[in-house]
> 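This structure is in structure tokens; I'll ask about it shortly.
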2 protein chains.
Amino acid sequence: MKIDPNNPADLSAQIASAIRDAIVAGDLIVDARLPSEAELAEQFQVSRATVREGLKRLAAQSLIRTQRGASGGAFVNRLSFEDAYSQQVTTSTLLLSMNAVSFDTACEARYALERACAPLSAARRSADQLATMRAEIFRQGQPGLTDEAFCASDVAFHRALVDSAHNPVLSYQLAGAVEAMQPLMNMITFTARDRQTILALHSRIADAIETGSGSDAVAGLAALEEETRKLARDVFTRRRTKA
Amino acid sequence: MKIDPNNPADLSAQIASAIRDAIVAGDLIVDARLPSEAELAEQFQVSRATVREGLKRLAAQSLIRTQRGASGGAFVNRLSFEDAYSQQVTTSTLLLSMNAVSFDTACEARYALERACAPLSAARRSADQLATMRAEIFRQGQPGLTDEAFCASDVAFHRALVDSAHNPVLSYQLAGAVEAMQPLMNMITFTARDRQTILALHSRIADAIETGSGSDAVAGLAALEEETRKLARDVFTRRRTKA
DNA sequence: GAAATTTTATTTGTCAGACATTTAAAAGTC
DNA sequence: GACTTTTAAATGTCTGACAAATAAAATTTC
């Protein structure tokens, strides 16, 4: 692990990079202890403050964890799917909001990916996840539910659908696509009739998952995508005429 | 933006969290300038070093950028798809290698997601991306290509396929799934006959994309998944009998 | 001799102050 | 008015110090 001493700025980034590369390359395995900050400072010929800034960068990506005290230090962290989920959701949310991604583009991506899951979900769903889906459908039918709560329940329903595929890699990749759309969905006002329509489609999808029919689930998702886009179109045309 | 002064450890993480929340909530918009480090130190009642550690955490996630000099400072960064790609690839790669994800699980996720892209790619592919796919197929047929170069070309081919959908959200989500598999694929030794088989399937997929037939592309991808899994199975059984 | 307690050493977390470097704006010069 | 010089503000880095946590070693107690 070496850094470039000719570039006296950005030292902390270089240090982070060097250590990150060592982790990715497998030179530092999970739970391995890094040298102490003082030792790293000597190795890289920089001050302890600079080393610390570099380590904080790695901590922000959950690549290391630190522990105080004797025999403490910085340890290579086992990157858990859970840790990765939340980062993925934050990143995806900001990507959508900062890059003016259209509702249609985000929606298309989300449903294309969900349809990819559906056949696997139908084949493997556990009773637990099916129960979650049914429970969320029930919640969505409750009167007096705010639009935001309705959207949150919608996300929970789709999460259960995705998780039914029992493939953590798929769940991880989809977490971003599904949850990042929530702020966009929150802009929609759902009338009682809108909710009924969505609820019926959710039931249709849940039924397909229960009976193990992947193609029915895919068809249900396609119909749901259609409906979602229609609602969004209505919102935007209404906004435009109002403004 | 407030932090908890009762918890005198983890201050830099709290500061990062507070600022990150402000960005996600939209209180700090793109290109907004944060207060100077000295001002933040006073606001949060901590030292400048602690503020800096917090800011480095945000920089590691590409949420802010810094600029030296008068009228410099920390600015909210527009999170670009490009920045997000590389983070996504690093994270996905580590997730697979650190969590003992099986080849089959990763492969299943990857091809399920790619098949989700295929119909869109067939409908929208540009001449440019088709040319890239053809060029990579040609490269894959060259004699004397190392296995690693073959894998790299394979990734480039699939990237072009995914990008053909012209949906940046899809491209972003898939970057991780496709590229993170490269280390796994690198464990495979490709015989001349293996390469011919893969090449033929790639041609079949490219043809389908060219003629705009999504279903043919999906079928080609399914066949390619089958072939990939078979090769991996062979490697692992050979390893096992050898060991 | 074993258990409980105290001490010690190590390591991270934070702070304060200093200087170097970069950079844009202000001031000065021709 | 255009060019040069100065100045001020900001980040980047360094040094040295102390606080707090923690495990191991040393000591005391029974």
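Proteins get letters first, then strands, A, B, ... in listed order; numbering begins at 1 in each.
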> Please state how far atom CD in A:Glu42 lies from atom C1' in D:dT15, giving the value in whole angstrom units.
15 Å
> Rounded to whole angstroms, how far apart are CG on A:Leu55 and C1' on C:dT12?
10 Å
> Check the distance between D:dT11's C1' and B:Leu58's CG and give it to me in whole angstrom.
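So the CG-C1' distance, B:Leu58 to D:dT11, works out to 16 Å.
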> Please tabulate, one pair per line, each protein N/O and nucleotide N/O from nucleotides 15-17 of chain C that are separated by under 3.5 Å, including the distance.
from, atom 1, to, atom 2, distance (Å)
C:dC15, OP2, B:Ser47, N, 2.9
C:dC15, OP2, B:Ser47, OG, 3.2
C:dC15, OP2, B:Thr50, OG1, 2.7

> In whole angstrom, what separates B:Arg65's CZ from D:dG12's C1'?
18 Å
> Atom CZ of residue position A:Arg139 - does it have more than 12 heavy atoms of other residues, nucleotides or ligands inside 6.0 Å?
no
> Can you measure B:Glu53 atom CD to D:dT11 atom P for me and round it to whole angstrom units?
16 Å
> For A:Phe44 and D:dC14, give me the distance from atom CZ to atom C1', rounded to whole Å.
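One finds 17 Å between C1' of D:dC14 and CZ of A:Phe44, rounded.
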> So which protein nitrogen or oxygen atoms get under 3.5 Å of nucleotides 7-11 of chain C's nitrogens or oxygens?
from, atom 1, to, atom 2, distance (Å)
C:dT10, O2, A:Ala70, N, 2.9
C:dT11, O4', A:Gly69, O, 3.2
C:dT11, O2, A:Gly69, N, 3.3

> How many Å lie between CZ on A:Arg52 and C1' on D:dC14, as a whole number?
15 Å
> Sequence neighbours left out, what passes side-chain contact (heavy atoms from CB on, under 4.5 Å) with B:Asp128? Give chain and number order.
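With neighbours one apart ignored, the set is B:Ser126.
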> What is the distance, to the nearest angstrom, from the CZ atom on B:Phe75 to the C1' atom on D:dA10?
10 Å
> For the CD atom on A:Glu42, are there more than 12 heavy atoms of other groups (residues, nucleotides or ligands in this structure) within a distance under 6.0 Å?
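Open: at most 12 neighbouring heavy atoms sit under 6.0 Å from CD of A:Glu42.
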> First locate atom CD of B:Gln14, then atom OG1 of B:Thr50, and finally report the distance between them rounded to the nearest 0.5 Å.
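B:Gln14 CD to B:Thr50 OG1: 11.0 Å, rounded to 0.5 Å.
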> If a pair satisfies ring pair (Phe, Tyr, Trp, His ring centres under 6.0 Å) and one of its residues is in residues 61-90 of chain A, list it, with sequence neighbours excluded.
none
> Could you list the residues that satisfy salt bridge (Lys or Arg N to Asp or Glu O under 4.0 Å) with B:Arg57, not counting sequence neighbours?
none
> Step by step, would you call B:Thr105 with A:Asn167 a side chain to side chain donor-acceptor pair (under 3.5 Å)?
CA-CA 6 Å; B:Thr105 302; A:Asn167 184 319; 5.2 Å; no
> I need the full list of ring pair (Phe, Tyr, Trp, His ring centres under 6.0 Å) pairs touching residues 158-181 of chain A, with sequence neighbours left out, sorted by first then second residue.
A:His158-A:His202
> Go through the steps for B:Gln87 and B:Ser62 under the test side chain to side chain donor-acceptor pair (under 3.5 Å), then give the verdict.
CA-CA 9 Å; B:Gln87 282 179 35; B:Ser62 306; 3.0 Å; yes
